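The next block holds one structure in the form of structure tokens; read it before the comments.
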Amino acid sequence: MAYLGTQPNDVKKNTGLYTPSEILQLTKDGSWGGSLELIEEQTVTSSTAAVDFTDLKNYNVHYLTLNDFKAVNDGTFACMQFSNDGGSSFLTSGYQYAQQNGTSAGTFTENGSTSASVIFLSSSTGTPSNEVGNSYSYLYNLLNSSKYSFSNTQTTTFNSSATYEMWFGGGVKPTAETHNAIRVKCLSGNISKATIKLYGVKQI
């Protein structure tokens, strides 16, 4: 049955129906909804206070990944802050977050805050070589001046107690304004090493 509604704004002429091969090709070309465009990749190899992303391009949804994130200080956390002035300064209050944690030792906890200085991106990491964090986060509405900026994160970590830890959760900056830069940092101290990538999520 042919599609009879409003024609979507697609890069490929169609009747509103796609074959599996067309979907695969559009995905490969990066034109299908949900495809990722790498905006920027930054690698930390020595002690660094923060990693800033100041070119978010024009996306409603962003995707942020942390690979082998390691802190200089033992037992601190990867986190992020937003900027409303293009990265000249970053907002250090007014965030909210909620998360659930679980460890291989069988310990499960919940925590959150309605008045935080950051939104968390990874569980605690430590100084020994294998104590690193890995995570991905979806970020919503950052460039929309009439909506709040939300995040949704999943992380997997070998933590500062040398125990496997996972957690999932999210956060929000409940101020309707444009947030046009992202800072990734440690809750305390510097980043020791990490590969951090920011993507834009394409929509049909």
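All values derive from a computational prediction rather than experimental measurement.
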Are the side chains of [X] and [Y] in touch, meaning some heavy atoms are under 4.5 Å apart?
X    : Y    : answer
T54  : E40  : no
N84  : H179 : yes
Y59  : E37  : yes
L56  : L198 : yes
D68  : N134 : yes
F120 : T155 : no
L66  : M80  : no
D52  : F90  : yes

Can you name the one residue among N159, T156, T157 that meets side-chain hydrogen bond (donor to acceptor under 3.5 Å, both in side chains) with Y164?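 In the set N159, T156, T157, the residue that makes a side-chain hydrogen bond (donor to acceptor under 3.5 Å, both in side chains) with Y164 is T156.
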For residues S47 and N190, is any side-chain donor paired with an opposing acceptor at under 3.5 Å?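 Result is yes, a qualifying pair exists.
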[X] side chain to [Y] main-chain N or O, any donor-acceptor pair under 3.5 Å?
X    : Y    : result
S135 : L121 : yes
N180 : G86  : yes
N141 : S149 : no
Q100 : F108 : no

Is the Y136 ring parallel, tilted or perpendicular to the Y138 ring (thresholds 30°, 60°)?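 Judged by the thresholds at 30° and 60°, the geometry between Y136 and Y138 is perpendicular.
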Do [X] and [Y] belong together in a cluster built from hydrophobic side chains that touch within less than 4.5 Å?
X    : Y    : result
I196 : I39  : yes
F53  : L143 : yes
V201 : L38  : yes
V118 : F69  : no

Identify the heavy atoms of [X] and [Y] that sit nearest to each other, and give their distance.
X    : Y    : value
A71  : C186 : CB-SG, 3.8 Å
G94  : P174 : O-CD, 3.2 Å
G87  : S83  : N-OG, 2.9 Å
F82  : K173 : CD1-CB, 3.9 Å
S122 : W167 : C-NE1, 3.4 Å
K185 : A50  : CB-CB, 4.2 Å

Check against side-chain hydrogen bond (donor to acceptor under 3.5 Å, both in side chains), S113 and Y95: CA-CA 8 Å; S113 173; Y95 299 94; over 6 Å; no
Given V184 and Q42, is the side chain to side chain contact (heavy atoms under 4.5 Å, CB included) satisfied, shown in steps? CA-CA 11 Å; V184 177; Q42 298 193 49; over 6 Å; no
Quick check on the 6.0 Å ring-centre criterion: do Y199 and Y63 meet it?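 Yes, they do, as the ring centres are separated by less than 6.0 Å.
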Would you compute the distance between atom [atom1] of [X] and atom [atom2] of [Y] and round it to the nearest 0.5 angstrom?
X    : Y    : atom1 : atom2 : value
M166 : Q154 : CE    : CD    : 8.0 Å
S46  : K193 : OG    : NZ    : 13.0 Å
L139 : I119 : CG    : CD1   : 8.0 Å
S89  : Q81  : OG    : CD    : 10.5 Å
K197 : L36  : NZ    : CG    : 11.0 Å

If we check side-chain contact (heavy atoms from CB on, under 4.5 Å) with I191, which of these qualifies: V72, V44, T76?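 The passing option is V44.
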For the pair Y97 and N111, evaluate side chain to side chain contact (heavy atoms under 4.5 Å, CB included) and give the outcome as yes or no after the intermediate values. CA-CA 8 Å; Y97 71 88; N111 59 80; 3.5 Å; yes
Could you walk me through whether S137 and T153 pass the side-chain hydrogen bond (donor to acceptor under 3.5 Å, both in side chains) test, one step at a time? CA-CA 4 Å; S137 303; T153 297; 2.6 Å; yes
